[in-house]
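Hydrogens, waters and symmetry mates play no part in the numbers below; they use all other heavy atoms, side chains included.
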Amino acid sequence: MSEEADGSAELLATRRRKLRSLREAGVEPFPHEFDGVEPIAAVRAAHESLRDGEETDVRHRLAGRLAARRGQGKMAFLDLVDRSGRIQLQARVDELGPEGMEQLLGLDLGDLIGVDGAAFRSKRGELTLRVESFTLLAKSLRPPPEKHHGLTDVETRFRRRELDLMANEEARELFIVRARVISAARRFLDAEGFIEVETPVLQPLYGGAAARPFTTHHNALNREFYLRIATELYLKRLIVGGLERVYELGKDFRNEGVDSTHNPEFTMLEFYEAYADYEDIAARCERLVAYVAAEAGYSGEIDLTPPWERETLPQAILDRTGIDIGEHADRDALAGAMAARGLNVPPKDTWPQLVDELLSKHVEPTLSEPTFLMDYPVALSPFAKRHRSNPDLVERFEAYVGGMEIANAFTELNDPDEQRRRFEEQRALAGAGDMEAQPFDEAFLEALEQGMPPTGGIGIGIDRLVMVITGRQSIREVVLFPAMRD
RNA sequence: GCCGCCGUAGCUCAGUUGGCAGAGCAGCGGACUUUUAAUCCGAGGGUCGCAGGUUCGAAUCCUGCCGGCGGCACCA
């Protein structure tokens with residue numbers, strides 16, 4: 001290979017040269033296995049009490065990525081990183097022999113290796129493994145990120161998450177926390193009598209949320225499918241079927257803008273419970289979040305312990321703006337009241353959109369402590385049951401933490417005739433150009449006509465919950481591969 | 001979609017008023033037996049996001065485009 005034009009190619013060529021010479025020396029650079037490895041954290045735990053300078057004859061087998069190298073010649077130190085942590089290795093020529101020493105020090109940062117050796121604590125107090133033997137487990141053909149500053153470029157961290165994970169321990173820890181959140185949520189619901197189900201991701205008709213869908217095409221059936229925007233309607237059909245307590249944890253897809261709280265595909269947990277109402281669901285929601293946070297090792301400033309704050313939406317708007325949405329039941333009256341107080345009135349907004357404007361601008365930002373905002377106008381909520389004491393409202397809540405919505409729940413509408421009327425209203429909205437109106441779902445109506453018990457249900461945004469638990473401000477930090485432009 | 005900020009070596013970052021594109025780490029050659037971001041010596045490594053423009057001369061100024069971040073709009 002001739003001289004390379006740029007530094008990158010030169011670095012790659014150097015590593016490929018080493019790969020070649022390893023093979024020529026009879027070393028397999030990509031062996032098939034390395035059995036019996038302990039996590040680095042376990043080795044650390046086993047030798048916590050070692051004094052500085054104290055040696056042991058306890059041998060360990062470790063495997064991981066070579067992350068740093070100090071010293072040359074007859075003695076050197078290297079750092080090995082696995083998922084659980086980092087440990088120092090000591091390479092000595094009197095242990096490995098001149099040839100072994102040269103081979104070990106000839107490895108590149110980023111190479112994956114396995115080592116056997118005895119643990120000791122260095123004079124400086126660092127737990128160290130004295131390498132007795134080592135094996136190359138996989139040759140790395142590209143340079144790793146910088147060893148001290150790590151990888152900080154946000155774009156590279158998201159586009160090449162593998163580099164973020166290998167360079168930044170916080171990134172590894174975050175996604176381990178995320179995994180704990182998800183497994184704890186399953187454990188919680190399993191223990192309370194829920195069964196996990198899987199409903200279609202590819203749907204002939206979408207529904208269950210106000211959002212525009214992605215569409216795709218099935219070749220053999222020669223028809224369009226939608227990627228689901230929610231699991232709601234299928235899960236309620238399972239309640240009709242008698243499964244009584246069901247949950248689904250998986251991806252929803254919404255064809256809308258990307259910002260710090262929205263990714264086009266995101267993880268939603270929905271659960272539905274027969275014979276429950278939205279108060280029961282609120283209680284279960286706050287217990288679930290508190291449990292999950294504890295299981296994930298949450299230690300943030302926001303107190304997630306139940307009971308959370310409860311406010312009604314009309315009262316919350318009244319408190320923050322002085323506007324009683326119940327007394328301004330038509331669009332122009334509400335717009336007038338808002339204008340009279342000097343509030344922004346988007347000229348094309350409908351009444352529900354104005355309520356949403358008041359909510360998002362004047363109420364949401366104040367909800368930093370965990371809060372259930374209860375009782376929404378019926379026009380905003382086509383699947384929620386009418387409030388038992390106020391016919392203009394539905395029994396619905398949204399849960400807010402840190403000024404961000406993390407859950408949406410209601411006492412489910414189970415009167416098929418009223419559901420039909422709600423769909424007809426949605427059809428009228430769609431006819432008027434509302435891209436997010438609910439499509440008319442006859443199969444769902446037939447299911448309700450079969451008889452659905454009184455039911456409470458909820459959707460919890462797992463990505464946002466992970467943001468709360470890990471203290472991150474952007475959903476892209478808690479999604480492994482967030483959506484990016486080409 | 002609109003506005004603002006940003007994009008320089010594999011990585012982390014400097015780069016003055018428009019005047020030969022730099023450092024650290026990594027890599028390469030060499031020295032070194034206890035380091036903790038090891039140290040020392042030496043030689044390399046660049047489409048300054050891309051494309052135009054202004055200028056004797058552009059990383060630097062202007063325009064457009066691409067990408068990222070933030071805000072607005074949209075949106076749970």
Distance in angstrom units between A:His149 NE2 and B:A14 P, rounded: 11 Å
Sugar-phosphate only, base, or nothing, as touched by A:Arg485 at under 4.0 Å among non-hydrogen atoms: sugar-phosphate
Distances for protein N/O vs nucleotides 40-42 of chain B N/O pairs under 3.5 angstrom?
none

Phosphate-side-chain proximity, A:Arg17 and B:G27, N/O vs OP1/OP2 below 4.0 Å: no
Positions of residues 79-97 of chain A (non-hydrogen atom under 4.0 Å from RNA chain B), listed by number: A:Gln88, A:Gln90, A:Arg92
More than 12 heavy atoms from other groups under 6.0 Å of CZ on A:Arg341: yes
Within 6.0 angstrom of A:Glu162 CD, more than 12 heavy atoms from elsewhere: yes
Side-chain heavy atoms of A:Arg130 within contact of A:Arg59, under 4.5 Å: no
Base partner of B:U60, which must satisfy Watson-Crick or wobble distances under 3.5 Å: none
A:Glu309, CD: over 12 other non-hydrogen atoms inside 6.0 angstrom: no
Whole-Å gap separating C1' (B:C74) and CD (A:Glu436): 8 Å
Sugar-phosphate only, base, or nothing, as touched by A:Arg396 at under 4.0 Å among non-hydrogen atoms: base
Distance in angstrom units between A:Lys147 NZ and B:U35 C1', rounded: 11 Å
Sugar-phosphate only, base, or nothing, as touched by A:Ser122 at under 4.0 Å among non-hydrogen atoms: base
Watson-Crick or G-U wobble partner of B:C20, both distances under 3.5 Å: none
Nearest-angstrom distance, C1' atom, B:A58 to B:U8: 14 Å
Sugar-phosphate only, base, or nothing, as touched by A:Leu359 at under 4.0 Å among non-hydrogen atoms: base
Sugar-phosphate, base or nothing in reach of A:Ala167, heavy atoms under 4.0 Å: nothing
Min side-chain heavy-atom separation A:Leu129-A:Leu80 under 4.5 Å: no
pair A:Trp308-A:Val289: side-chain heavy atoms closer than 4.5 Å: yes
Paired nucleotide for B:G70 [Watson-Crick or G-U wobble; both distances under 3.5 Å]: B:C3
Positive for side chain to side chain contact (heavy atoms under 4.5 Å, CB included) with A:Val401, one of A:Thr371, A:Ile469, A:Ile406: A:Ile406
Check nucleotides 4-7 of chain B for protein N or O atoms closer than 3.5 Å to its own N or O atoms and list the pairs.
none

Flag if over 12 foreign heavy atoms under 6.0 Å of CD, A:Glu55: yes
Separation of B:U12 P from A:Arg157 CZ (nearest whole Å): 11 Å
Rounded distance in Å between the P positions of B:G29 and B:A43: 16 Å
Within residues 455-478 of chain A, residues whose heavy atoms come under 4.0 Å of RNA chain B: A:Arg476
Any A:Thr152 side-chain N or O less than 4.0 Å from OP1/OP2 of B:U12: yes
A:Arg83 atom CZ: more than 12 heavy-atom contacts under 6.0 Å: no
Span that lies between the C1' atom of B:C48 and that of B:C20, in whole angstrom: 15 Å
Salt bridge A:Arg44-A:Glu126, side-chain N to carboxylate O under 4.0 Å: yes
Between B:C75 and B:G67 - P atom distance, rounded Å: 23 Å
Interatomic distance where CG belongs to A:Leu109 and P belongs to B:U12 [whole Å]: 16 Å
Parallel, tilted or perpendicular: ring planes of A:Phe214 versus A:Phe253, cut at 30 and 60 degrees: perpendicular
Whole-Å gap separating P (B:G1) and CD (A:Glu256): 16 Å
A:Asn408 side chain to A:Arg396 side chain, donor-acceptor N/O pair below 3.5 angstrom: yes
A:Gln473, CD: over 12 other non-hydrogen atoms inside 6.0 angstrom: no
Touch class at under 4.0 angstrom, heavy-atom based, for A:Arg69 against every strand present: sugar-phosphate
Mate of B:G42 where both pairing distances stay under 3.5 Å, Watson-Crick or G-U: B:C28
Salt bridge flag under 4.0 Å for residues A:Lys139 and A:Asp111: yes
Pairwise side-chain contact, A:Arg70 with A:Asp79, heavy-atom cut-off 4.5 Å (strictly under): yes
Sugar-phosphate, base or nothing in reach of A:Met404, heavy atoms under 4.0 Å: nothing
Interface with RNA chain B, restricted to residues 42-53 of chain A and to heavy atoms under 4.0 Å: none
Phosphate OP1/OP2 of B:A73: any A:Lys361 side-chain N/O under 4.0 Å: yes
Under 4.0 angstrom between A:Arg70 side-chain N/O and B:A38 OP1 or OP2: yes
Touch class at under 4.0 angstrom, heavy-atom based, for A:Glu155 against every strand present: sugar-phosphate
Atom CZ of A:Arg159 with >12 non-hydrogen neighbours under 6.0 angstrom: yes
Set of side chain to side chain contact (heavy atoms under 4.5 Å, CB included) partners for A:Asn168, sequence neighbours left out: A:Leu151, A:Arg157, A:Asp164, A:Glu170, A:Ala171
